[in-house]
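Have a look at the structure below, then the notes.
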Amino acid sequence: MKLGIISSIMDGWTYEEMIDEISAIGYESVEVACWPEGKGERKYAGVSHINTENLTEEDKKHILSYAKERGVEISSLAYYPNTLDPDPEKRERQIKHLYSVIDASKFLGVNLVTTFIGRMQDKTVEENLKEVAKVWPPILEYAKEKGVKIAIENCPMLFGPDQWPGGQNIFSSPVLFKKVFEILPYDNFGINFDPSHFVWQQMDYIKVLYDFAPKMFHIHFKDIKLYPEKLKECGVLAYPLDYMAPKIPGLGDVDWAKFVSALTDIGYDGYTAVEVEDRSFERDKNDIVRSMALSYKYLRNFVI
């Protein structure tokens, strides 16, 4: 396994500054954020360390050589939109950029894109699955022709009132994993698994690794702290952020020893990426760097 980080926490860093920072800490790889430049619509989105829409051969040479010289591999190009957005123009715009990320992943020799399936948050599960069957086959066929794999993160994108009800990513549980894989039986289509989302949804984040081992294309290391007393007061139908909080690895409820042990059991030897979204470490740029370094130091107990 390679211990890496997703670059979306490094908003405001240039590509070179981002690579320098994670290399100095010791990370071996990076999942590079590739949103359209200057178009963030939520926290931790809109970060672009590679502009996928205007890449040249000169850009390619610089991007790859700069990372290689500092001992950093690019694990994936990351773009997490709602590709099932009910607004037709917005959906088309986001899917168009996803195609550019697929192109760039092929062009750079990365050959993996990490993203979301999306969800129409006011529609039923059944209606959303029908929409998945319409929207996603052309995307996956295109990626297949390019030799690019697509890994879907299991974040429900359901945190506060903006995503209520339903959330903005239907790929959120083992039951739905199975249904989506039945609809989209592509070998280049798999999971970017983040155990933290299973904690607050009260699902088994260990068993799923064994059940979907061949589909584990990429792994996120993020933690979640559940507040039982708050949950008792507001219940599971409240906004999730009312009773939980994202934390850096080691400061939440994920049992990282058991999780990484299970990864070794299934023979996972691919890329992992720390995902920092801990608001306790966001006072300034130095605080963010500290959260990245603390995450690295903690996880080196398990990934060496």
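Position 1 is the first residue of the sequence, and the numbers go up from there. All values below come from the heavy atoms of this structure, side chains included, with hydrogens, waters and symmetry mates left out.
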Going by salt bridge (Lys or Arg N to Asp or Glu O under 4.0 Å), name the pairs with one or both residues in residues 94-103, residues two or more places apart or in two chains.
Asp103-Lys146
Is it true that Gln168 and Gln163 share a donor-acceptor pair across their side chains at a distance under 3.5 Å?
no
Taking ring-ring contact (aromatic ring centres under 6.0 Å, His included) as the test, write out the residues that go with Tyr205, two or more places apart.
none
With sequence neighbours left out, what residues match Ser100 under side-chain hydrogen bond (donor to acceptor under 3.5 Å, both in side chains)?
Thr52, His97
Could you pull out all residues at least two apart from Phe107 that satisfy ring-ring contact (aromatic ring centres under 6.0 Å, His included)?
none
Any residue meeting ring-ring contact (aromatic ring centres under 6.0 Å, His included) with Tyr66, in chain and number order, not counting sequence neighbours
His62
Residue list, side chain to side chain contact (heavy atoms under 4.5 Å, CB included) with Glu92, at least two apart or on another chain:
none
Set of salt bridge (Lys or Arg N to Asp or Glu O under 4.0 Å) partners for Glu57, sequence neighbours left out
none
What verdict does the salt bridge (Lys or Arg N to Asp or Glu O under 4.0 Å) test give for Asp253 and Lys225, after you've listed the backbone C-alpha separation in whole Å, the side-chain angles of each residue and the deciding distance to 0.1 Å?
CA-CA 5 Å; Asp253 295 330; Lys225 185 174 183 179; over 6 Å; no
Sorted by chain and residue number, the side-chain hydrogen bond (donor to acceptor under 3.5 Å, both in side chains) partners of Ser75 (sequence neighbours excluded) come out as His218
Which heavy atom of Ile224 sits nearest to which heavy atom of Met244, and what is that distance?
CD1-SD, 3.8 Å
Pair listing, ring-ring contact (aromatic ring centres under 6.0 Å, His included) test, anchored in residues 154-177, at least two apart
Trp164-Tyr239, Phe171-Phe177, Phe171-Phe181, Phe177-Phe212
Check ring-ring contact (aromatic ring centres under 6.0 Å, His included) between Phe259 and all other residues, then give those that pass, not counting sequence neighbours.
Trp256
Given the ring of Tyr243, does Lys230 sit roughly above its face, with NZ or CZ under 6.0 Å from the centre of the six-membered ring and within 45° of the axis?
no
Would you please name every residue forming a side-chain hydrogen bond (donor to acceptor under 3.5 Å, both in side chains) with Lys2, sequence neighbours left out?
Glu73
Lys179 with Glu126: basic N within carboxylate O range, under 4.0 Å
no
Sorted by chain and residue number, the side-chain hydrogen bond (donor to acceptor under 3.5 Å, both in side chains) partners of Ser65 (sequence neighbours excluded) come out as none
